[in-house]
Amino acid sequence: MNARTIGNQSVSAIGLGGMPMSIEGRPDEARSVATIHAALDAGITLIDTADAYHLHADEVGHNEELIARALRSWGGDASSVLVATKGGHLRPGDGSWTQDGRPEHLKKAARESALRLGVEAIGLYQFHRPDPAVPYAESIGALVELLDEGVIVQAGISNASVAQIDEANDVLGGRLASVQNQFSPAFRSSLAELEHCASLGVAFLPWSPLGGIRRAGEVGSAHAAFGRVAEARGVSPQQVTLAWELALAPVVVPIPGASRPASVEDSARAVDLVLTAEELAELSGS
Ligand SMILES: NC(=O)c1ccc[n+]([C@@H]2O[C@H](COP(=O)([O-])OP(=O)(O)OC[C@H]3O[C@@H](n4cnc5c(N)ncnc54)[C@H](OP(=O)(O)O)[C@@H]3O)[C@@H](O)[C@H]2O)c1
C-alpha cells in the first residue's frame with residue numbers, strides 16, 4: 001500500500017481508527033479481531049487508539065488491549081505496525097468525556113498504556129485534548145519527559161489550534177510528529193491546521209474522516225458531490241472521501257474507524273483511487 005510518514009516512521013496512507021470497536025454500539029470481540037486482522041491483511045500499518053476508548057469506568061484501555069491481542073493472534077509480521085495511542089481524556093463511565101492534562105497524569109497514563117499494548121516504548125503517543133485547567137506547555141512538557149525517558153518513541157497532539165501546534169512543536173524542540181484533528185466533508189474548519197502541518201512537514205491525521213460513526217454511511221447523500229464522483233467512478237462515497245483527503249496534502253493520513261472487516265477493506269482501497277484535478281476541485285468547492 002502507498003506509504004506516508006509520521007515523524008521518522010513510514011506508515012500506510014490509510015490507518016484504522018479503533019474507537020467504534022470499544023465504545024457505545026461496539027461489536028463482540030470476534031468481529032473486532034476480524035476487523036483488525038482485515039486491516040492488517042489489507043496492508044494497513046497504522047492503528048489509532050486511546051486509553052479512553054472504553055465504555056465502563058472499570059475498563060480503561062479496552063481498545064488498547066483489544067488491539068494488542070489482535071496483533072498477537074495475527075499470522076503476519078506485526079513489527080512494522082505503528083499503534084498510536086493517546087492520553088489526557090477520561091471516560092468516567094456515564095457516557096461523558098472529561099480531561100486531565102496534568103503532567104503527572106499523562107506520565108502515569110503513558111506507562112499504563114505501554115503495559116496494555118505490551119511494548120517497551122509507545123510508537124506514537126498523542127496528547128488527546130488540551131485541558132483548559134492546565135497550561136498547554138505543561139502538558140506538552142510531560143511528552144518531552146516521556147520522549148527523553150524512552151517511554152514513547154514519538155509525540156503527537158490532538159484537537160489543537162495553529163497556535164497550539166506551534167507551541168507544542170516549540171516545547172518539543174521541533175520533535176512534534178503528528179496532529180490529529182477532526183476533518184471531513186462535514187467538518188472542514190481544521191483546514192487551517194491541515195495546511196499548517198503541511199508547511200511544517202508534520203503528519204495530519206483527520207479524525208472522524210467520514211463524518212463520524214453515526215454519519216459515515218450518509219457521506220454520499222449528505223454531500224452530493226461525493227456521491228456523484230463515487231457513482232461515476234463505481235466506488236463507494238467513503239473511498240472518494242478518503243482519496244480527497246489524501247490529495248489535500250502529502251502529510252495527511254486519514255484514520256477511518258471500523259467495526260466490520262468490509263468497511264476497512266473498502267477504505268483501504270482509497271489509496272489506489274487517484275482523483276482528477278476536476279474531481280478534486282468539485283469536491284473541495286462543494
Ligand atoms: N482525537 C480525537 O479526539 C478523536 C475523536 C474521535 C475519533 N478519533 C479517532 O478517529 C477515528 C475515526 O473516527 P470515527 O470512528 O469517529 O468516525 P469515522 O471514521 O468518520 O466513521 C466510522 C464509521 O465509518 C464506517 N465506515 C468506515 N469505512 C467505511 C466504508 N469504506 N464504507 C462504509 N462505511 C465505512 C464504519 O462502519 P462500521 O462500524 O459498520 O464498520 C465506522 O463505524 C476513531 O476511530 C478514533 O480512532 C479521534
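Both counts, for ligands and for their atoms, begin at 1 and track the order of listing.
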I'd like to know if E59 and R26 make a salt bridge, using a cut-off of under 4.0 Å between side-chain N and carboxylate O. yes
Heavy-atom proximity to atom 15 (O) of ligand 1, picking from A262, G257, P261, A160, points to G257
Would A258 count as a polar contact of ligand 1, with the cut-off being nitrogen or oxygen pairs under 3.5 Å? no
Under 4.0 Å, counting heavy atoms only: does P209 come that close to any atom of ligand 1? yes
L210 N/O under 3.5 Å from ligand 1 N/O: yes
H54 side chain to H56 backbone, donor-acceptor under 3.5 Å: yes
Can you list the atoms of ligand 1 that are under 4.0 Å from a heavy atom of K86? 1 (N)
Structural part of S158 in contact with ligand 1, heavy atom criterion under 4.0 angstrom: side chain
Min over A268, S263, P256 of heavy-atom distance to atom 37 (O) of ligand 1 lands on S263
Shortest protein heavy-atom distance from atom 47 (O) of ligand 1, along with the residue and atom involved: D48 OD2, 2.7 Å
Looking only at side-chain N and O atoms, does D266 offer a donor or acceptor that is under 3.5 Å from a partner on Q239? yes
May I ask you to test the I23-H62 pair for a side-chain heavy-atom distance under 4.5 Å? no
Among all protein heavy atoms in this structure, tell me which lies nearest to atom 48 (C) of ligand 1, with the distance rounded to 0.1 Å. Q180 OE1, 3.0 Å
Is there a nitrogen or oxygen of V264 sitting under 3.5 Å from a nitrogen or oxygen of ligand 1? no
What I want to check is whether the side chains of N159 and W207 have a donor and an acceptor closer together than 3.5 Å. yes
Which of the numbered atoms in ligand 1 are below 4.0 angstrom from a heavy atom of G211? 20 (O)
For ligand 1, which atoms, with element, lie under 4.0 Å from some heavy atom of H128? 1 (N), 2 (C), 3 (O)
Please confirm whether the backbone N or O of V11 pairs with a side-chain atom of T45, one donor and one acceptor, at under 3.5 Å? no
Any side-chain donor near an acceptor of the partner, E64 and T85, under 3.5 Å: yes
Ion pair check, R228 and E282, cut-off under 4.0 Å: yes
Looking only at distance, does R129 have an N or O less than 3.5 Å from an N or O of ligand 1? no
Residue, atom and distance of the protein heavy atom nearest atom 39 (O) of ligand 1 read S259 OG, 2.6 Å
When you measure from the side chain of K86 to the backbone of T49, do you find a donor-acceptor pair of N or O atoms at a distance under 3.5 Å? yes
List every atom of ligand 1 that sits less than 4.0 Å from any heavy atom of G18, numbering the atoms from 1 in the order shown and giving each element. 45 (O), 47 (O)
Cluster check Y136, V134: I/L/V/M/F/W/Y, side chain < 4.5 angstrom: no
Identity and distance of the protein heavy atom lying nearest atom 44 (C) of ligand 1: M19 CB, 3.7 Å
Salt bridge flag under 4.0 Å for residues E29 and R69: yes
So, is N159 polar-close to ligand 1, with some N/O to N/O distance under 3.5 Å? yes
Stepwise side chain to side chain contact (heavy atoms under 4.5 Å, CB included) test for D48 and L16: CA-CA 6 Å; D48 180 72; L16 168 67; over 6 Å; no
Do any N/O atoms on S267 end up under 3.5 angstrom from N/O atoms on ligand 1? yes
Is the closest N or O pair between D266 and ligand 1 shorter than 3.5 Å? yes
Atom 12 (C) of ligand 1 has as its nearest protein heavy atom I255 O, 3.0 Å
Hey, is D148 close enough to R175 for a salt bridge, meaning N to O under 4.0 Å? yes
Measure from atom 40 (O) of ligand 1 to every heavy atom in R269, E265, M21, R260 and give the option owning the shortest one. R260
Heavy-atom count around E120 CD within 6.0 Å, excluding the residue itself: above 12? no
Electrostatic pair E112:K108 at N-O distance under 4.0 angstrom: yes
Quick one: look at Q238 and ligand 1, take heavy-atom pairs under 4.0 Å, and tell me if it's side chain, backbone, both or neither. side chain
How far is atom 46 (C) of ligand 1 from the closest protein heavy atom, and which atom is that? Y53 OH, 3.3 Å
Give the residue, atom name and distance (to 0.1 Å) of the protein heavy atom nearest atom 13 (O) of ligand 1. S208 N, 3.0 Å
Do P20 and ligand 1 have an N or O pair less than 3.5 Å apart? no
Between G212 and ligand 1, does any nitrogen or oxygen pair lie at a separation below 3.5 Å? yes
Tell me: protein heavy atom nearest atom 10 (O) of ligand 1, and distance? W207 CB, 3.4 Å
Under 4.0 Å from a heavy atom of A216: which atoms of ligand 1 are those, numbered in the order shown and with their elements? 21 (O), 23 (C), 24 (O), 25 (C)
Testing the basics here: between P103 and E138, what is the closest heavy-atom pair and its distance to 0.1 Å? CG-O, 3.4 Å
